[in-house]
Amino acid sequence: MAFEADNELLQDFLIEAGELLNGLDQQLIELEQSPDDADRLNSVFRAFHTIKGGAGFLEVHPLVEVCHRAEDIFNLLRNHEITMNSRIMDVMLQVIDLLNRMFDSLRGGQYPEDVSKAFLKEIEALGHQDVAAPTGTTPAQPAPSDDAPADEPPAMADEDDAFDRMLADLDAAETDASADSNGAGDDLISDDEFESLLDDLHGKGKFQVPAAEANSAAAEKAAGAADSEEITDEEFEAVLDELYGKGKGPTVAAPEMEEKPEEIAASESKPEQPLQSATKPAAPAKADVNKTQEGNSQGNPKAAEAHKAPVETTVRVDTERLDSIMNLVGELVLVRNRMNTLKTTFENEEISSVIATLDMVTSDLQGAVMKTRMQPVKKVFGRFPRVVRDTARTLGKEVNLELEGEDTDLDKNLVEALADPLIHLVRNAVDHGIEMPDVREANGKDRAGTVLLSAAQEGDHIRLSIQDDGAGMDAEVLRRKGVEKGIIDADTAERLTDQECFELILHPGFSTKEQISDISGRGVGMDVVKTAITKLSGTISIDSAQNEGTQINIKVPLTLAILPTLMVIVSGRKYAIPLSVVNEIFEMADKEVNVVDGQSTITVRDRAVPLFRMTDWLALRGEKPGTRCETDQVVMVQHGAQLMALVVDSVIGQEEVVIKPLGELLRVVDGFAGATITGDGHIALILDLPGMVRRNTGRSRQRLRSVA
Amino acid sequence: MTNQLMEKTRNPEEYDEEFEAQDQGPLSRWVNFTVDDETYALNVLDVQEVLRDAEITPIPGAPDAIIGIINLRGNVVTVVDARIFFGLEEKAWDENSRIMVIEVSSGEIVGLVVDSVAEVIALPQTVVDQAMMAVADDRARHILGIVPQDEKLIILVDMKSLSDIAAT
């Protein structure tokens with residue numbers, strides 16, 4: 001049955017519920033680590049509920065059926081009627097997979113298939129089993145405290161709903177606080193009560209947005225200040241500064257959320273009033289919320305919406321649109337560059353200063369547009385807990401995954417392109433790296449291995465590393481295997497450093513595993529990883545120590561939109577060589593060139609490097625290749641593991657360029673990664689070294705054959 | 001420096017009146033251009049603009065008909081020489097040479113270098129249809145038909161098949 005895919009509601013649902021679904025995966029894994037995390041149980045429950053609601057509205061019944069049952073189970077879990085176990089976890093992960101498949105078919109415009117009754121029964125059974133069991137059937141937890149940390153009001157719910165929820169939470173907080181203080185028989189609110197009140201209040205603020213973190217930090221600060229019973233003006237000032245200083249985020253909701261702890265801090269700052277009732281601190285906060293609600297409903301409905309979650313302040317933009325903005329900014333940069341050139345001809349100070357301003361604004365604009373394309377690497381890392389868990393379970397290993405630097409930003413295209421290579425590497429780390437628990441124990445290690453996945457920005461690069469504390473690799477074994485598989489000959493193998501031996505695993509067809517498993521060992525993976533990383537103009541390096549573990553480092557540029565290049569001139573035309581492949585530049589004049597077996601070679605620091613004349617490679621039809629010239633310069637480039645010396649007429653220098661793709665008509669032409677428009681409005685072709693080598697070494701071989 | 005100018009064409013309204021008077025049904029407009037003394041015409045809807053001058057950057061190793069790429073307001077546009085595409089002798093760029101910017105079947109924008117661009121003419125649809133039926137040669141897919149006009153023949157062409165260059 002076809003489904004109306006162009007329906008706007010459906011698209012919205014797919015995007016929003018899709019995000020929830022992605023988050024669920026990770027949350028479930030985290031739940032497995034800490035099964036009693038009430039916040040998390042609630043948020044999982046709510047996510048299912050939200051997806052169910054949306055699906056119900058769109059009348060996608062199979063989706064509703066599954067979510068409804070999953071929601072039931074989590075309702076039981078959060079009410080402590082049943083406890084989390086690995087069976088529930090397994091089934092829930094299956095549910096996630098199933099939901100993902102349903103989402104895929106919805107995206108493809110297909111109504112998802114009905115769910116098998118057996119699976120639905122299986123989910124239902126999860127609840128019954130444990131209820132039948134005598135353990136943990138007391139719903140002792142009072143409902144308000146269950147609801148109080150309202151993690152994430154369902155994105156699909158309308159604003160009134162969100163507000164009701166917030167008010168309910170505040171009421172709950174109020175009752176809690178008053179109940180507690182009654183028990184304590186104290187006029188003043190105790191520190192503990194204040195803490196819990198704050199928790200309840202800013203629990204709502206956990207929207208995964210930095211502003212909320214600032215909020216909670218500030219709230220803690222406020223709580224800390226409250227510890228001293230008497231808050232001084234300075235301290236109070238400091239708290240306010242903390243609140244507002246950190247709260248300068250882009251979110252509309254942030255200041256409002258911060259107001260609440262502040263309000264409490266304000267009331268707390270007058271502890272001299274001995275008859276202040278414990279319920280009071282909550283009351284002003286409530287009033288405050290009411291006020292804002294009124295203000296918002298009269299004024300800007302958008303702001304009221306922002307109460308739901310600060311996430312609402314973001315706008316979804318098609319990347320295509322961003323690309324076109326990027327393109328236009330690129331044009332503006334060119335105009336600016338031309339203006340800069342013209343500036344000298346005007347000799348007018350006013351014009352000069354205007355151009356200087358234009359210059360600055362354009363640069364800022366360029367930076368700002370670049371930033372819009374950035375996404376935190378979290379987007380990829382989020383999948384790994386699941387990957388590691390599944391792989392480890394299949395193999396019967398115990399593995400902990402640690403993530404570092406999840407907030408590192410990189411270009412959206414890169415985030416997507418890196419996902420597959422990283423998944424492969426992480427799987428490899430679990431499969432090949434980490435040993436079986438018994439083996440680990442015998443070697444004096446923890447039974448559970450650790451895989452550390454980290455990301456960090458280093459200058460204009462991002463470094464991603466996958467590190468395991470497993471068995472490590474044996475350079476000797478790799479060396480032997482390399483010779484066996486015919487990847488290298490014995491002589492070369494002897495000369496390889498350990499590091500170079502490790503990098504042998506990147507070769508196609510290289511696999512040391514005797515047994516090919518479901519997960520890895522076919523000897524294709526690492527080659528694919530390498531190709532993918534190279535395509536992103538990145539590099540990959542491997543380091544390993546036996547019995548200590550393996551570390552794989554990947555370096556990729558921050559963005560693919562801008563490419564640092566070396567501009568050179570060949571036959572009077574400008575070309576750009578990606579800087580990532582350039583090793584060094586030197587003058588041709590003082591170097592000796594020999595011809596070995598028909599191939600020119602140049603000796604650089606006692607190393608013979610094949611030499612190629614770019615005037616040959618880039619000769620137009622009917623153009624005579626140039627001959628050696630005194631002013632020739634040599635650009636040493638890295639082509640795979642091989643060094644190559646390219647002779648160019650002259651080197652202009654480094655330039656960051658915006659890559660413009662070549663048209664479809666030029667698809668057949670190998671050797672160019674694209675073109676770019678230089679500062680003076682001319683076009684320079686960007687060389688694609690592997691393609692260039694493929695095209696030209698093929699031709700020279702042909703030529704040799706025809707001579708022979 | 002790249003100088004991009006829109007070629008001025010005569011006001012098409014004039015033609016409308018001319019032909020409506022003769023009552024020959026709906027009209028279609030065609031851009032006349034010459035290559036090697038032959039007059040060709042492209043449907044006006046396929047032509048985005050006509051460039052008087054542009055700096056063409058050659059591409060080493062490209063198919064013969066592709067003479068290079070130009071910078072069209074920040075976009076890189078491939079340029080094809082109509083002479084080579086039609087299998088005629090090459091001719092150096094002169095003051096009458098123009099680049100017609102057209103859309104080909106792949107949706108790509110391509111520049112076509114022609115000897116000169118003359119004017120926009122309006123032809124009754126009936127005349128065009130007749131001409132199209134007369135030509136059914138698979139070897140010259142880009143030729144739609146031939147229309148006599150003012151004692152000359154105008155070859156109606158469809159450059160959408162330019163994208164086939166890449167396939168050969």
Side-chain angles (χ1 to χ4, degrees), chain A residues 323-335 338 341-342 570-575 614-623 625 657-672 674-678 680-688 691-692 694-696 698-699, chain B residues 1-4 48 51 53-85 89-93 99-113 142 159-168:
Chain A
D323 286 343
S324 89
I325 294 176
M326 193 70 202
N327 215 356
L328 289 171
V329 170
E331 278 305 287
L332 188 61
V333 170
L334 294 183
V335 174
R338 276 181 229 176
T341 326
L342 289 175
V570 178
S571 308
R573 293 181 295 270
K574 253 191 194 179
Y575 293 93
M614 292 305 274
T615 46
D616 279 353
W617 281 12
L618 297 170
L620 297 178
R621 207 155 29 99
E623 200 175 50
V657 303
V658 179
I659 306 173
K660 311 258 177 184
L662 295 177
E664 274 290 298
L665 285 185
L666 291 164
R667 194 184 53 209
V668 287
V669 185
D670 238 352
F672 300 105
T676 187
I677 293 156
T678 58
D680 49 9
H682 296 292
I683 293 183
L685 287 163
I686 302 166
L687 297 189
D688 164 47
M692 205 40 105
R694 204 160 46 232
R695 160 174 138 190
N696 287 288
R699 197 165 69 189
Chain B
M1 186 172 289
T2 320
N3 187 10
Q4 295 143 348
Q48 296 201 339
L51 307 176
D53 180 26
E55 189 191 287
I56 301 173
T57 307
I59 312 268
D64 288 352
I66 298 176
I67 56 172
I69 49 179
I70 55 168
N71 169 14
L72 184 64
R73 288 183 298 278
N75 290 311
V76 172
V77 172
T78 312
V79 179
V80 173
D81 191 334
R83 281 177 166 264
I84 304 173
F85 181 67
E89 233 175 85
E90 282 174 69
K91 173 171 159 281
W93 182 275
I99 299 174
M100 297 175 82
V101 179
I102 56 180
E103 194 181 326
V104 299
S105 54
S106 59
E108 189 186 345
I109 304 300
V110 171
L112 184 69
V113 177
H142 58 277
M159 284 298 167
K160 291 209 164 25
S161 60
L162 260 185
S163 43
D164 296 347
I165 294 180
T168 52

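Quick caveat: nothing in here was measured; it's all calculated off a predicted structure. Here is how names work: the chains are called A, B, and so on, in the same order as the sequence lines, proteins then strands, and each is numbered from 1.
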Colleague: Is the backbone of B:Glu108 close enough, under 3.5 Å, to the side chain of A:Glu664 for a donor and an acceptor to pair up by distance?
Modeller: no
Colleague: Please report the closest heavy-atom contact between A:Ala619 and B:Pro60, naming both atoms and the distance.
Modeller: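 Residues A:Ala619 and B:Pro60, closest heavy atoms: O-CB, 3.9 Å.
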Colleague: The test is side chain to side chain contact (heavy atoms under 4.5 Å, CB included); show your working for B:Thr78 and A:Leu662 and say whether it passes.
Modeller: CA-CA 8 Å; B:Thr78 312; A:Leu662 295 177; 6.0 Å; no
Colleague: Counting only heavy atoms closer than 4.5 Å, note whether B:Val77 contacts chain A via side chain, backbone, both or neither.
Modeller: neither
Colleague: Can you tell which of A:Val669, A:Ile683, A:Leu685 has the highest number of heavy-atom pairs within less than 4.5 Å of chain B?
Modeller: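 Most pairs with chain B among the choices: A:Ile683.
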Colleague: Using non-hydrogen atoms and a 4.5 Å limit, figure out which bit of B:Ile70 sits close to chain A: side chain, backbone, both or neither.
Modeller: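 Only the backbone of B:Ile70 comes within 4.5 Å of chain A.
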Colleague: Identify which of B:Asn75, B:Asp64, B:Val76, B:Ile56 forms the greatest number of heavy-atom pairs closer than 4.5 Å to chain A.
Modeller: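 With the most close heavy-atom pairs to chain A, the winner is B:Asp64.
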Colleague: What's the shortest heavy-atom distance between A:Leu666 and B:Ala62, and which atoms?
Modeller: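 Here A:Leu666 and B:Ala62 meet closest at CD2-CB, 4.0 Å.
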Colleague: Among A:Leu620, A:Leu328, A:Thr676, which has the most heavy-atom pairs under 4.5 Å with chain B?
Modeller: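 Most heavy-atom pairs under 4.5 Å with chain B: A:Leu620.
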Colleague: Rounded to the nearest 0.5 Å, how far apart are OG1 of B:Thr57 and NZ of A:Lys574?
Modeller: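 If I round to the nearest 0.5 Å, the distance is 11.0 Å.
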